[in-house]
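Let me begin by presenting the structure, written as structure tokens, before commenting on it.
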Protein chains: 4
Amino acid sequence: MPNTAQTPSKKKTQVTASPERRRELLDTAAEVFAAQGYNATTVREIADAAGMLAGSLYYHFDSKESMLDEILSTFLTELWEGYDAVLAAGLGPRETIEALVTESFREIDRHRAAVAIYQKESKHLTAQPRFHYLSDSQQKFEKAWLGTLERGVRARVFRADLDIRLTYRFVRDTVWVAASWYRPGGQHSPDEIARQYLSMVLDGIAVRP
Amino acid sequence: MPNTAQTPSKKKTQVTASPERRRELLDTAAEVFAAQGYNATTVREIADAAGMLAGSLYYHFDSKESMLDEILSTFLTELWEGYDAVLAAGLGPRETIEALVTESFREIDRHRAAVAIYQKESKHLTAQPRFHYLSDSQQKFEKAWLGTLERGVRARVFRADLDIRLTYRFVRDTVWVAASWYRPGGQHSPDEIARQYLSMVLDGIAVRP
Amino acid sequence: MPNTAQTPSKKKTQVTASPERRRELLDTAAEVFAAQGYNATTVREIADAAGMLAGSLYYHFDSKESMLDEILSTFLTELWEGYDAVLAAGLGPRETIEALVTESFREIDRHRAAVAIYQKESKHLTAQPRFHYLSDSQQKFEKAWLGTLERGVRARVFRADLDIRLTYRFVRDTVWVAASWYRPGGQHSPDEIARQYLSMVLDGIAVRP
Amino acid sequence: MPNTAQTPSKKKTQVTASPERRRELLDTAAEVFAAQGYNATTVREIADAAGMLAGSLYYHFDSKESMLDEILSTFLTELWEGYDAVLAAGLGPRETIEALVTESFREIDRHRAAVAIYQKESKHLTAQPRFHYLSDSQQKFEKAWLGTLERGVRARVFRADLDIRLTYRFVRDTVWVAASWYRPGGQHSPDEIARQYLSMVLDGIAVRP
DNA sequence: AATGAATGAGACTTCATTCAT
DNA sequence: CATGAATGAAGTCTCATTCAT
């Protein structure tokens with residue numbers, strides 16, 4: 001997931017005009033998209049949720065698609081700020097994985113809707129040029145995680161008998177699917193969930209003999 | 001996921017028509033639904049993929065929705081045949097989990113498209129009465145897995161220090177998300193994938209000290 | 001084209017506002033209307049060209065349509081001042097035609113945009129009561145030109161072997177279509193263009209035997 | 001006006017399907033476009049005129065714009081067939097002009113609506129890449145007419161004292177504006193109109209001294 | 001005077017579905 | 001069985017216009 005070059009909307013929508021209102025509306029839209037799916041969501045439903053008429057949304061945004069775009073790219077930008085900080089910290093492989101997982105759950109906590117949308121829609125969005133940055137991010141993401149896992153195998157902190165790509169998918173999916181059931185303000189804090197997830201992933205759920 | 005035999009077409013569709021052609025068309029439809037999402041798929045795209053015109057599909061099926069219905073219910077019926085056999089076998093908790101995971105990967109191998117559709121669409125489909133059987137299945141599914149896990153904790157074969165519901169979601173998601181990247185005929189057989197997944201889930205990816 | 005003083009704004013627009021600004025804005029609007037067509041022009045494009053926001057135009061004008069109205073009626077008023085002077089001068093038919101053509105090219109020079117708009121839009125505007133004055137003008141126009149041509153035929157200065165209505169349309173169109181390509185400040189002055197046009201219309205482009 | 005490369009509609013509309021219906025609908029659309037202007041015409045008005053619902057038009061055409069495109073390009077293709085035949089005939093300059101004018105009035109007779117649309121819309125359409133062929137045609141058109149006129153001046157059959165570009169515009173506009181008032185089946189046949197126009201253009205409307 | 005935000009009507013377009021052939 | 005043509009509902013988007021500030 002890349003810190004997107006963000007489509008420069010030259011046309012009309014005031015990107016200048018009050019960014020708070022924009023953000024409010026995007027949050028509303030993200031919530032509806034996450035709940036119903038992007039395609040199944042009508043512009044009118046977003047507008048209803050925002051307390052305005054469908055047409056009024058177009059004062060703030062070019063199109064329904066550009067809302068989706070902005071939701072996803074904003075999320076990815078923030079995500080990579082966190083990831084890049086972790087990767088630059090020079091930690092050992094196990095500590096890096098721990099930090100990445102923790103960071104991920106924090107992002108899920110902060111951008112639950114965006115993550116859920118990303119999970120559901122990103123695959124078929126990458127076909128469109130406008131959303132190529134999703135693949136870019138995906139690749140960068142894979143490099144960071146897979147690289148760390150490989151480093152760990154070489155350093156003998158991760159098992160060598162497993163297919164490394166399988167392990168990668170396992171860890172990756174395990175973390176991000178959480179967005180589909182996670183509700184902020186629930187029983188466990190993001191950090192607590194991260195701790196338990198890491199414990200399962202690293203040590204397994206079986207009792208040690 | 002229940003084997004609710006919800007298929008009886010009430011309206012008109014010729015059940016007389018050769019069931020093989022029906023299945024062929026459903027397979028085609030499932031593939032397209034999985035690739036693009038149900039909502040994003042037009043009836044014309046399915047027809048194109050099947051080499052006919054959109055209207056012609058209606059000789060075989062009542063509606064786009066009934067195709068989805070049939071795809072999902074067929075899959076769930078088969079899935080529960082396998083699951084029920086496992087659950088009736090009277091295995092210990094660890095062996096039950098192993099058998100369920102293995103069975104799941106076999107289903108993914110056989111019904112990749114259906115599983116992918118299920119993953120993406122089931123949440124917002126359960127709202128419709130027609131698809132209530134999806135929630136039924138979900139519940140039955142949860143009871144089987146959660147029950148087995150709890151049994152394992154009591155039997156001291158699974159760790160007691162983890163939130164059991166978190167563990168459940170972890171195992172469940174770990175398995176099913178695989179449908180999003182799995183391609184039949186790949187490097188690893190379903191059983192091999194199951195073996196490695198189980199190894200990770202049960203024993204973790206970290207090297208034991 | 002009549003000088004129907006159809007301008008009195010009945011509704012609200014501040015006529016108090018400086019008339020120069022009004023004229024400026026109308027000139028801008030006319031330019032955009034001429035370039036893109038009235039229907040294809042959005043109020044926002046006019047506002048952009050004027051360096052303000054769309055809504056702000058409504059401080060100056062009732063509606064987009066009233067801008068068009070004012071552009072056209074102002075032009076026609078001026079046109080008829082010139083024409084009426086010519087017609088009142090008591091010239092012979094050939095001299096009258098010469099004077100009318102010359103006057104027309106001067107109007108095109110002064111009101112290029114308005115003339116272009118008139119050419120493109122007048123036909124479908126005449127349906128609306130608000131723009132009935134366009135048909136009135138058209139009729140008065142036809143009477144003046146056709147009458148002069150007929151007078152010329154009777155006086156044996158214009159050919160009698162031509163369909164007089166065809167001749168009328170020929171002369172009329174010949175003159176006014178020029179607005180579609182004419183650019184003020186070009187190579188030829190309006191009077192020079194008029195001279196050459198008259199030479200062609202009166203004597204033809206073929207070399208005399 | 002070029003014999004257009006015609007946009008290859010790859011997407012969906014059956015260009016194969018009954019070309020007669022297509023042509024019928026295009027004729028209807030052309031009539032409405034010519035009467036009201038392209039922008040002022042709604043898809044529903046076209047559909048009403050064709051006795052169907054607005055959406056049904058999209059079975060035959062990609063978009064309102066593609067109808068316009070097909071109307072114009074079909075017309076231009078036919079026009080250039082006629083023009084090219086004339087230009088290839090090796091006539092003298094005066095005879096070439098006569099043949100071109102005659103051919104033009106025949107085209108106006110056959111494609112009155114298309115010509116009217118061309119006159120009104122072509123200028124602002126050329127901005128769009130899709131309609132670049134309009135400029136191409138315009139250029140080819142200019143080369144043919146201007147070239148013939150220059151040839152005529154050199155051959156001393158056309159006057160040398162006139163600005164040749166002015167003459168070109170004069171002749172060109174004179175002919176084509178006729179589409180705005182011409183009604184097929186009127187008093188004069190296209191050939192008769194051509195004859196009188198040529199008489200005016202070549203010899204003028206004034207009586208020879 | 002001008003802005004920023006919103007309204008509401010209506011435009012173009014898509015698409016599941018129907019049905020005579 | 002399948003096609004070709006059409007329907008009708010609904011969806012996205014545009015735009016002239018309004019109005020409080």
**Request:** Would you mind reading off the distance between D:Q36 atom CD and E:dA11 atom C1', rounded to a whole angstrom?
**Result:** 14 Å

**Prompt:** What is the nucleic acid contact for C:T41, judged by heavy atoms within less than 4.0 Å: base, sugar-phosphate only, or nothing?
**Reply:** sugar-phosphate

**Asked** Say you draw a straight line from CD of C:Q36 to CG of D:N39; how long is it, rounded to the nearest 0.5 Å?
**Response** 10.0 Å

**Message:** Using heavy-atom distances to pick each residue's nearest nucleotide on DNA chain E, tell me which of D:E65 and B:N39 is more 5'.
**Reply:** D:E65

**Prompt:** Quick one: is the NZ or CZ of D:K64 closer than 6.0 Å to the six-membered ring centre of D:Y58, and within 45° of its axis?
**Reply:** no

Protein-nucleic acid N or O pairs under 3.5 Å, nucleotides 7-10 of chain F:
{"from": "F:dT7", "atom 1": "OP2", "to": "D:L53", "atom 2": "N", "distance (Å)": "3.0"}
{"from": "F:dT7", "atom 1": "OP2", "to": "D:S56", "atom 2": "OG", "distance (Å)": "2.8"}

**Request:** Starting from P on E:dA16, measure out to OH on B:Y58 and report it in whole angstrom.
**Result:** 6 Å

**Message:** I need the NZ-P distance between C:K64 and F:dT18, as an integer number of Å.
**Reply:** 15 Å

**Distance in angstrom units between C:L68 CG and F:dA16 P, rounded** = 13 Å

**Item:** Base paired to E:dA20 (Watson-Crick or G-U; both N/O distances under 3.5 angstrom)
**Value:** F:dT3

**Prompt:** If only side-chain N and O atoms of A:R44 are considered, is one of them under 4.0 Å from the OP1 or OP2 phosphate oxygen of F:dC13?
**Reply:** no

**Prompt:** Is the shortest side-chain N/O distance from A:H60 to OP1 or OP2 of E:dG4 below 4.0 Å?
**Reply:** no

**Prompt:** Shortest non-hydrogen contact from D:V32 to D:A49?
**Reply:** CG2-CB, 4.2 Å

**Asked** Of all heavy-atom pairs between D:R130 and D:S63, which one has the smallest distance, and what is that distance?
**Response** NH1-OG, 4.1 Å

**Complete:** Scanning all shown strands, the Watson-Crick or wobble mate of E:dT14 with both distances under 3.5 Å is F:dA9

**Prompt:** Between atom CG in C:D48 and atom P in F:dA16, what is the gap in whole Å?
**Reply:** 12 Å

**Prompt:** Does the pair D:L53 and D:D48 meet the rule for a side-chain contact (heavy atoms from CB on, under 4.5 Å), with working shown?
**Reply:** CA-CA 7 Å; D:L53 292 178; D:D48 281 354; over 6 Å; no

**Atom pair distance, as rounded to whole Å: CG in A:L25 and P in E:dG4** = 16 Å

**Request:** Please state whether the phosphate of F:dC1, meaning OP1 or OP2, lies under 4.0 angstrom from any side-chain nitrogen or oxygen of B:R22.
**Result:** no

**Item:** For atom CZ of A:F61 and atom P of F:dT12, their distance in whole Å
**Value:** 15 Å

**Item:** A:I117 vs A:Y38, side-chain contact (heavy atoms from CB on, under 4.5 Å): CA-CA, chis, key distance, verdict
**Value:** CA-CA 8 Å; A:I117 296 166; A:Y38 172 71; 5.5 Å; no

**Item:** Atom-to-atom span, CZ of A:R21 to C1' of E:dT3 - whole angstrom
**Value:** 17 Å

**Request:** Compare the minimum distances between each of F:dA2, F:dC13, F:dT17 and the side chain of C:S63, then state the nucleotide with the smallest one.
**Result:** F:dT17

**Asked** Under 4.0 Å between a Lys/Arg side-chain N and an Asp/Glu carboxylate O for C:E20 and C:R23?
**Response** no

**Fill in**
For E:dA1, the nucleotide meeting Watson-Crick or G-U wobble distances (both under 3.5 Å) is none

